[in-house]
Amino acid sequence: MAKNKWEQFKDNFSKNFIDFLMIFAAEEKFINKHRHKSSVIKEQDRYGSDQRRSRDKDGNSDER
C-alpha cells in the first residue's frame with residue numbers, strides 16, 4: 001500500500017513522540033524513586049539509624 005509523504009510523516013512522528021514520552025516517564029520514575037531514597041539517607045545521617053529492636057505497646061523489648 002503506497003503512502004504519501006504526509007501519512008509517513010504522521011506515522012513516524014507519532015511513533016517518535018510516544019517513544020520520547022516513554023523515556024521521559026522512565027526518567028521521572030527514576031528521579032522520584034532515588035529522591036525518596038536520598039531523603040531517607042539524609043534523615044539517617046541527621047538523626048542516626050534506629051538500631052533498637054521493636055517494642056510492644058507496654059514498652060517491653062523483644063530482647064530476653
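With values rounded to the nearest 0.5 angstrom, I23 atom CD1 is found 13.5 Å from E28 atom CD. For the atom pair N16 CG and D11 CG, the distance stands at 11.0 Å (nearest 0.5 Å).
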Can you check salt bridge (charged side-chain N to carboxylate O under 4.0 Å, His left out) on D19 and K15, steps first, answer last? CA-CA 6 Å; D19 287 345; K15 180 188 173 301; 3.1 Å; yes

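Linking Ile, Leu, Val, Met, Phe, Trp and Tyr residues whenever their side-chain heavy atoms come within less than 4.5 Å leaves F24 and F30 in two separate clusters.
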